[in-house]
Amino acid sequence: MKKTIVVACSLLSMTAGFAQTKTSADAKMNSFVTSLMGKMTTEEKIGQLNLVTPGGTVTGSVVSTDVDNKIRKGQVGGLFGITGPDKIRKAQEIAVNNSRLHIPLIFGLDVIHGHRTIFPIPLGLSASWDMPMIERSAQIAAQEATADGLSWVYSPMVDIARDPRWGRIAEGSGEDVYLGSQIAKAMVKGYQGNAYDGKSVMACVKHYALYGAAEAGRDYNTTDMSRIKMFEYYLPPYKAAIDAGVGSVMSSFNEVDAVPATANKWLMTDLLRKQWGFKGFVVTDYTAINEMIDHGIGDLKRVSAEALKAGIDMDMVGEGFLNTLSQSLKEGKVTIQQINEACKRVLEAKYKLGLFEDPYRYCDEKRFANEILTDDSRKAAREFAARSMVLLKNSNNVLPLQKKGTVALIGPLADNQRNMLGTWSVSGDFAKSITMLQGIKNVAGNDVKVVYAKGCNISDDSVFAKKVNAFGTEIDIDKRSPQEMIDEAIRAAQQSDVVVAILGEAADMTGEASSMSDISLQPSQKRLLRALKATGKPVVLVLMSGRPMTIVEENDNMDAILEAWFPGTEAGNAVADVLFGNYNPSGKITASFPRNVGQIPVYYNYKNTGRPYHGGPTKFRSDYLDVSNDPLYPFGYGLSYTSFSYGDVRISKLNPKGNETLTATVSVSNTGKYAGEEVVQLYITDPVATVTRAVKDLKGFQKIKLQPGETKEVTFKITTEELKFYNTDLKYDWEAGDFIIQVGGNSRDTKSAKVNWSK
Ligand code: NOJ
């Protein structure tokens, strides 16, 4: 007892100490910024709200012009799209030496899944369900970014996506709100650390809000949903990032409740700042203010004023603020307080990053030389990539491959550096990436003979290829005819013991503006796979994709399927590590794989409806005539080279009351031959409530490692927090009654127990 008191007291004094330090730091910042703003003209204040790009990362039609001059005139608050301590120093020197008040610029960039060392795409990272690893990936990215002159990154992207047609599903963490929120938190922690110490960056959570719910999966399309759905399934990851202390927020392109997010005061001020207590600054997405003209909100002057009034602080690229706010101020359309507020928030961000103290804090040439693409970061990239892969099928234990015999390595992605990094790897150098062919040679050893053939083009469609190749030749259409390539592949297969086909998407078949209405393999690739199958050799499909694809035919015909996503710089080594069993796959998909496009959206936490389908040829139930309701692979699914068995769910108390805490425990055993990791998942169903609830929701998970024959007890703590939901008054609370507690290795195959929880 005595001991407890001592600990509690010391904790209290520590917290009080922190609070005091924070308050005095805040007071110092406040007085610095207030005094600086006292010297600024209105024009200079508006200048701070202007974020420009001289090129580099261009995701729209406008690029800023006359940038140097604008910096001199105090018309620029930040720059994005340039990297390198030398270039950034030069730009910073213009601001610091030549602008009237010497205010430093903030330098940002899209650092999404690694900076120079590229990790798997975020959808892949999420499939690891490994929070320390994801946090570490952000930390390494921050270290490289700060060594490269940057202090601000446009990540994490936390948009929940239930539609794999949407190309940007690759950039997020899939369909689940609970997992998405955990990842949002881990990434903010990884990027920002505990303090901006020069090696951490300010994160920017995006795209606030609901961007992932674009109708029909078409990028930039309208979103429209009930408030309950918003609060329950789409908003929590942004909130998790805010709670984790994220320094900035990016507004989304889409509308929310019929008002574009960028002019949506409810979203930007009432919810974000007043309800959630966000204290950082909000930047728009690329020309999002200007795009409100096309949304039908008004001319540039009007949309810029609406954005400022809604709570936007910084205008990315479009210069609507720069060119119209003074006039709007004169006309009384905006107030000086609104301009002051925005300016203050931008200056505070610079202050927190230490830029006033040392504008060149992130311009260290030595760090640039020593801390980028190091052996350690490449090692991490290899490990993270292996941990992100998901084994979707493995009949007759064809995997892992033996380190002997002949392997036919087939496919347009097999000897292809260009496509290993995936979308949004703007600072990654694909020439530094390891191909599958190289990786397999590195890992398999001298007893394996590898016979390579391209086999087909990623796509034979030259018009499609031209669109995908906007940033360079990712789809390279061979001079040989498709039949010649297939023939060569068949000859290679015939000489081999096993065929490994590396197929899927080119890097920019997902990502921004890369939505697809057909998410199956391209016809050229399907033809190749059929021909390979016809040789009678076992065929392993390594699928590279930035989205769940529709692969029913491949699931029926291939012996094994490994989802490798876009693995990043160390792609080939990591895939080979998994294929040859140096690493036993442990990833679990975080977005359901539909059987066909007509099923979309298909996600695990759907609602029952009044006519749920329970199988059989019954009429008048909620189903399809031509396809099952179930996805091909459910959320949370993924195999291992070993097997796991789950015992029954044991609940500590079947009739809890009020705010009691329960535990749900299962025994998980490794019943196979290999050591392996398993993601043990907890789902809860609330069968009766005043509003309809999903059939189940993820409420916890643990990733455990088991040796062959080993059993571990996995215990989840359950409180009434896990039972809460939003009712029609948007009140977040729980209701008494029965709850089904489920634990399993994916969202479909669970063991369950029932509790009755009373108030
Ligand atoms: C547009 C994208 O939507 C956003 O994610 C990105 O951060 C900006 N462009 C800046 O490149």
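Below, each value reflects all heavy atoms present in this structure, side chains not excepted, and no hydrogens, waters or symmetry copies. In each ligand, atom 1 is the first atom listed, and ligand 1 is the first ligand listed.
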With respect to His207, determine whether any N or O atom, backbone or side chain, lies less than 3.5 Å from an N or O atom of ligand 1. yes

Trp166 ring center near Tyr211 ring center (under 6.0 Å): yes

Of Glu319, Gln75, Lys70, the residue whose pairing with Asn50 passes side-chain hydrogen bond (donor to acceptor under 3.5 Å, both in side chains): Glu319

Ligand 1 atoms in contact with Trp424 (distance to a heavy atom under 4.0 Å): 11 (O)

Using a 4.0 Å heavy-atom cut-off, say whether Met316 meets ligand 1 through its side chain, its backbone, both or neither. side chain

Using modelled atom types and a 3.5 Å cut-off, is there a donor and acceptor pairing between side-chain atoms of Ser515 and backbone atoms of Gly217? yes

Counting heavy atoms only, which of Thr287, Asp110, Val426, Leu109 is nearest atom 10 (C) of ligand 1? Asp110

Which is it for Tyr211 and ligand 1 at heavy atoms under 4.0 Å: side chain, backbone, both or neither? neither

Under 6.0 Å between ring centres, would you say that holds for Tyr286 and Phe253? no

Considering both backbone and side-chain atoms of Lys206, is one of its nitrogen or oxygen atoms within less than 3.5 Å of a nitrogen or oxygen in ligand 1? yes

With atoms numbered from 1 as shown, which atoms in ligand 1 lie under 4.0 angstrom from a non-hydrogen atom of Glu512? 1 (C), 2 (C), 3 (O)

Can you check whether Arg168 has an N/O within less than 3.5 Å of an N/O in ligand 1? yes

Can you tell whether the side chains of Glu505 and Arg547 come within less than 4.0 Å, N to carboxylate O? yes

Can you classify the ring geometry of Trp129 versus Phe635 as parallel (below 30°), tilted (30 to 60°) or perpendicular (above 60°)? tilted

Knowing that exactly one of Val158, Val177, Leu210 qualifies, which makes a side-chain contact (heavy atoms from CB on, under 4.5 Å) with Tyr234? Leu210

Would Asp285 count as a polar contact of ligand 1, with the cut-off being nitrogen or oxygen pairs under 3.5 Å? yes

Answer with side chain, backbone, both or neither: which part of Met157 has a heavy atom less than 4.0 angstrom from an atom of ligand 1? neither

Going by the angle between their ring planes, with limits at 30° and 60°, are Phe384 and Phe119 parallel, tilted or perpendicular? tilted

With a cutoff of 4.0 Å, is Phe253 in contact with ligand 1, counting heavy atoms of the residue only? yes

